[in-house]
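Scroll down for the structure; my scribbles are underneath it.
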Amino acid sequence: MASSRDRGGSVFLCFQLCFIVSHFLLSNNRVLAQRQPRFACDAVRDPGVSNYRFCDQTLDVESRVNDLMSRMTLEEKILNLINDARGAIRLGVPEYNWWSEALHGVSNAGRGTNFTAPVFAATSFPQVICTAASFNTSLFYTIGKVVSTEARAMYNAGVAGLTFWSPNVNIFRDPRWGRGQETPGEDPLLTSRYAISYVRGLQERDDGDKYRLKVGACCKHYTAYDLDNWKGIDRYHFNALVTEQDMSDTYQPPFRSCVTEANVASVMCSYNQVNGKPTCADADLLTGVIRNEWKLNGYISSDCDSLEVMFDSQHYTRTPEETAADALKAAAVQKGLAAEADVNRAVKNNFAMLMRLGFFDGDPRQHIYGNLGLNDICTLENQELAREAARQGFVLLKNSPGSLPLSPRATESIAVIGPNANVTKTMIGNYAGIPCRYTTPLQGIAAVVPETIYSPGCANVECVTAQVDDAKRIASTADATVLVVGADQSIEEESRDRIDISLPGQQTFLVQEVTKASKGPVILVIMSGGGMDVQFAKDDPKVTSILWIGYPGQAGGAALADILFGFYNPSGRLPMSWYPQSYVNNVDMTNMNMRPDPATGYPGRTYRFYRGPTVYTFGDGLSYSLFSHNLIKAQKLVSVPLGRHHFCKRFRCKSIDASEKTCKNVHVRVHLKVKNAGGMSGGHTVFLFSTPPGVHNAPQKQLLGFEKVFLTPKEEGIVRFHVDVCKHLSVVDKAGKRKLALGMHVLHVGSIKHYLMVSI
Ligand SMILES: *[C@@H]1O[C@H](CO)[C@@H](O)[C@H](O)[C@H]1NC(C)=O
Ligand SMILES: *[C@@H]1O[C@H](CO)[C@@H](O)[C@H](O)[C@H]1NC(C)=O
Ligand SMILES: *[C@@H]1O[C@H](CO)[C@@H](O)[C@H](O)[C@H]1NC(C)=O
């Protein structure tokens, strides 16, 4: 069972399980003689299964699950509570591994999916932080759809599961977080919209059946998880101290959207504690919020080795050895510590999910998606979408006149320099699979300009000693210089947060030396998940362009060439703030507070609250074209009707409850004319922000909506925002309750400021 990926903890799990399994096997020798079925309820291979009601596809899921449960022993049920579920061989139910991953393409990071005959690769899309920068929700959805199609094809081939523990919708609170790359960034609205679109793309079936799923997604890691390993503090021991206010308006919204709007199949609780309680043992956070308030129709899994979570606190020591918890749980049932009812409830949820996924419908090739196969994986179309996603996500941060785009004709030679200039695996980030192919930046550029000369400048991204001589020499004669620098998983990854946010090692020195020596324009390309302090390059007039490309996926180099040579107009916007190095010297990563604290000088976090210098900020991003905005419709006044006897009619209130009955359906329309005033077609994202009146420690600015339009030169488009006043303009008070502040709200639309008076 153990593969080379396993860590020590898993071996322990195996030991525990093997012990329990052998114990059961001894008491039931019949099991040993059974042959492993390939698919549950496969009447073609095993006619006996037709007698089982749980195999009857005309019955509803609940009756089928109840029938299955009635046939299983307690021991069998317990062995279906773990991610390596044992099924029930004697009933024709095969083993099932719940743990597959599909963060940005089908991945083999989980044990339920392997790249093995007959499927050796799958399309690898950009890492999420890069895709998020496109601010294009239909792109998020389309990627999800392609990923689930490839996943289904792999399932049919017997090399993947149906339950994928993606996406990661935690808020990228601190630039040092090693897993920030996996997330859609620092804004709760963008993260929510990403979660909804991607989860729907994964789960929704083409036949419109809302109950059954194409594959099951999982929103993780619930909740307030965004520290992995920083200065000796690790996620297994970290106690995140979170205020009700931050919980309600920052950490929870993506999870809520995921459950209530995308109907996600699963939520995974996180390793950390929140306010002294492990999230996976917190009945209020799990049952109270996810099941009762949000009405999850699915299962809750714990990170990373157990499925349905049970609330007996005795085994909650969240350590790396935690993977053994299930075995302990099973043992606990034996000793009567966990109620059998808990086991039943948990197993039922798991089986119900598998039924909705078609796992109990026999050979999947007889059903919808059954004809998906090798020809549906790594198709040219899918690979083109990976390239398109990268192009849409790249963010142009600086562009001096005469720099980008480079002319493919007039540029006769290019120097391509830097530790990330010819990388492959670096481009796909973490939770990746095996891509169909790679196009490195060097290969992408060389395909356009044959005279492309390369020098890595450093041995790797750590860049302990930069070798600048060769790099300077080629830059001094080439028509243009492209420096591809940044990070990889040795700098930022799961279990590795950064200490510094400058370019690693001597990369800054490399950039400076090469820039001084360059003959032509210098284009600085940063391949990274988190932001980098590149203030020096922003200030240096000889660095003529700066482009951030995230971890751009398998087609990253081709997409880069598309942007550099103007075959595609950049339209990405930063989904997170970039801070100066001084930030990490002054701000403790463990401080979860979003709001600044004047008493201690703590500056707060993200564009919504942070008061201090940034290198670049949320929403930054340039185009090769120019876009102008004109407000064509926007109210100046809106009032919420309150009953005559309402308290606030008699006393001055600074805000009212957003949950007031009369607060429903109060809307403001903001219509905007957007014009492409430049000479090149391109995408353009219009943001609608608000600055609420200064009560309840409100954000200085918050995103209410965004809309991306594509416009040809001189073309005009209309963007319409429909603002639900109580839902979107409200803020959260200290107790976590939504309040609508009365008074002047400032709406920021594009470059325009619009004043809106909210009264009663
Ligand atoms: C993947 O490989 C592991 C280890 O070799 C194996 O235990 C598992 O059953 C395989 N899963 C699939 C879906 O092929
Ligand atoms: C660039 O990387 C590719 C893929 O790893 C490799 O085949 C090629 O030799 C490299 N080119 C140079 C000039 O190092
Ligand atoms: C958003 O992405 C979709 C899917 O790739 C694409 O068709 C569309 O043009 C994009 N929208 C904009 C405004 O770029």
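The figures that follow rest on heavy atoms only: side chains count, while hydrogens, waters and symmetry mates do not. In each ligand, atom 1 is the first atom listed, and ligand 1 is the first ligand listed.
Close approach of ligand 3 to V709 is summarised as follows: ligand atoms under 4.0 Å from at least one heavy atom of the residue are 13 (C). Atom numbering of ligand 3 starts at 1 in the shown order; those under 4.0 Å from a heavy atom of N136 are 1 (C), 2 (O), 3 (C), 8 (C), 10 (C), 11 (N), 12 (C), 14 (O).
Within the 4.5 Å cutoff, side-chain heavy atoms of I129 are placed close to those of W548.
Side-chain N/O atoms of N399 and S545 include a donor and acceptor closer than 3.5 Å. Residues Q181 and Q489 have side chains that bring a donor and an acceptor to within less than 3.5 angstrom of each other.
Annotation: atom 5 (O) of ligand 2 to nearest protein heavy atom, T424 CG2, 3.8 Å. The single protein non-hydrogen atom nearest to atom 12 (C) of ligand 2 is N422 ND2, 3.4 Å, given as residue, atom name and distance. Looking from atom 13 (C) of ligand 2 to the surrounding protein, the closest heavy atom is Y454 CD2, 3.7 Å. Given atom 7 (O) of ligand 2, the protein heavy atom at minimum distance is Q443 NE2, 4.6 Å.
Both the sub-6.0 Å distance and the 45° axial angle are not jointly satisfied by K708 relative to the ring of F135.
Heavy atoms of H684 come nearer than 4.0 angstrom to ligand 3 in no pair at all.
By the 4.0 Å N-to-carboxylate-O rule, K220 lies too far from E182 to be salt-bridged with it. Between E261 and R193 there is no salt bridge, since none of the side-chain N atoms of the basic residue sits less than 4.0 Å from a carboxylate O of the acidic one.
By the definition of a contact as any protein heavy atom under 4.0 Å away, atom 9 (O) of ligand 3 is not in contact. When distances from atom 2 (O) of ligand 3 to the protein are checked, a heavy atom turns up under 4.0 Å.
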Quick one, D206 with K145, criterion salt bridge (charged side-chain N to carboxylate O under 4.0 Å, His left out). Give me CA distance, side-chain angles, the key distance, then yes/no. CA-CA 10 Å; D206 297 290; K145 228 177 131 133; 2.8 Å; yes
